[in-house]
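As structure tokens, the structure follows; a few thoughts come after it.
Residue numbers run from 1 in the order of the sequence given. All values reported here derive from a predicted model rather than from experimental measurement.
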Amino acid sequence: MRWRGPYVLRIEFAGALYKVTVRGNARANIYGNDDDRQRFLSLLKTAVDRYDWYCDAYRLMDKHYHLFFETNRASLSDSMKLLNGFYTQYANRQYQRGGHVFQGRFKAILVQRESYQREQAQQCYRDFVQQDKGQASPWRSLKNQIYLGDDEFVLDVQRKLDPEQSLKPRISIRI
């Protein structure tokens with residue numbers, strides 16, 4: 001398990017299930033057209049293959065995107081760096097500009113695996129993303145800004161962290 005900082009706790013371990021959100025810089029559109037979306041999906045496939053993910057669901061919106069995926073190794077930060085970095089390089093070349101495409105760091109929520117079987121999780125996520133109103137938000141159950149699961153799940157993940165380790169930025173904790 002690795003802890004990444006310095007801003008928000010990043011817990012990475014093999015078998016983790018994440019819900020990731022990334023927003024466009026200054027709330028600008030990320031994609032200019034469908035070709036840009038296809039390039040992003042191609043880069044997503046590269047990240048999935050290179051970092052051994054299983055992507056359960058994704059949603060590309062104009063100004064942000066959502067990913068719901070499982071990792072087979074502690075690779076969250078490295079894979080997101082590849083995905084966002086390569087897409088930024090592509091977009092800056094494509095539109096002859098420089099600078100950021102994405103606003104700040106990605107937001108990653110560690111999701112309790114046992115709460116749904118895979119097919120149920122995919123359907124629930126699709127329903128949640130497609131319905132703007134009238135559906136209870138699963139994020140109401142979010143704990144410590146990074147955990148989506150019951151109290152036992154949170155305690156189990158926290159037990160895996162070495163209590164003797166300092167939580168200073170850029171420390172790796174492996175199990």
| said: Could you report the tightest heavy-atom contact between N92 and G99, atom names first, then the distance? | reply: ND2-O, 3.0 Å

| task | Measure across L17 and Q112 and return the closest heavy-atom pair with its distance rounded to 0.1 Å. | result | CD2-O, 4.3 Å

From [X] [atom1] over to [Y] [atom2], what is the distance, rounded to the nearest 0.5 angstrom?
| X | Y | atom1 | atom2 | answer |
| --- | --- | --- | --- | --- |
| F106 | L76 | CZ | CG | 4.0 Å |
| T88 | R97 | OG1 | CZ | 8.5 Å |
| D52 | S75 | CG | OG | 7.5 Å |
| Q94 | Y87 | CD | OH | 8.5 Å |

| task | Output, in order, the C-alpha distance, side-chain angles, deciding distance and verdict of side chain to side chain contact (heavy atoms under 4.5 Å, CB included) for V111 and F68. | result | CA-CA 9 Å; V111 180; F68 195 68; 3.9 Å; yes

| query | Taking S79 as the fixed residue, which of W53, Y18, Y51 is the one that meets the side-chain hydrogen bond (donor to acceptor under 3.5 Å, both in side chains) rule? | reply | W53

| Y95: ring-ring contact (aromatic ring centres under 6.0 Å, His included) partners, not counting sequence neighbours |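 Per chain and number, Y95 pairs via ring-ring contact (aromatic ring centres under 6.0 Å, His included) with no residue.
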
Validation: residues 23-34 side-chain donor-acceptor distances under 3.5 Å, sequence neighbours left out:
from: N29; atom 1: OD1; to: K63; atom 2: NZ; distance (Å): 3.2
from: N33; atom 1: OD1; to: D35; atom 2: N; distance (Å): 2.9
from: N33; atom 1: OD1; to: D36; atom 2: N; distance (Å): 2.9
from: D34; atom 1: OD1; to: R37; atom 2: NH1; distance (Å): 3.4

| field | Close aromatic pair by centroid cut-off 6.0 Å: Y58 and F69 | value | no

| query | Please walk me through it: do K19 and L67 pass side chain to side chain contact (heavy atoms under 4.5 Å, CB included)? | reply | CA-CA 6 Å; K19 193 280 187 184; L67 301 176; over 6 Å; no

| request: Test V20 against K107 for side chain to side chain contact (heavy atoms under 4.5 Å, CB included), laying out the working first. | output: CA-CA 6 Å; V20 170; K107 181 175 183 176; over 6 Å; no

| Less than 4.5 Å apart, any side-chain heavy atom of L41 and any of L60? |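 When only atoms from C-beta onward are counted, L60 and L41 do touch, with a gap below 4.5 Å.
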
| task | Report the residue from L82, D78, N84 that forms a side-chain contact (heavy atoms from CB on, under 4.5 Å) with M80. | result | N84

| query | Could you walk me through whether S77 and E12 pass the side chain to side chain contact (heavy atoms under 4.5 Å, CB included) check? | reply | CA-CA 8 Å; S77 294; E12 302 181 12; 2.6 Å; yes

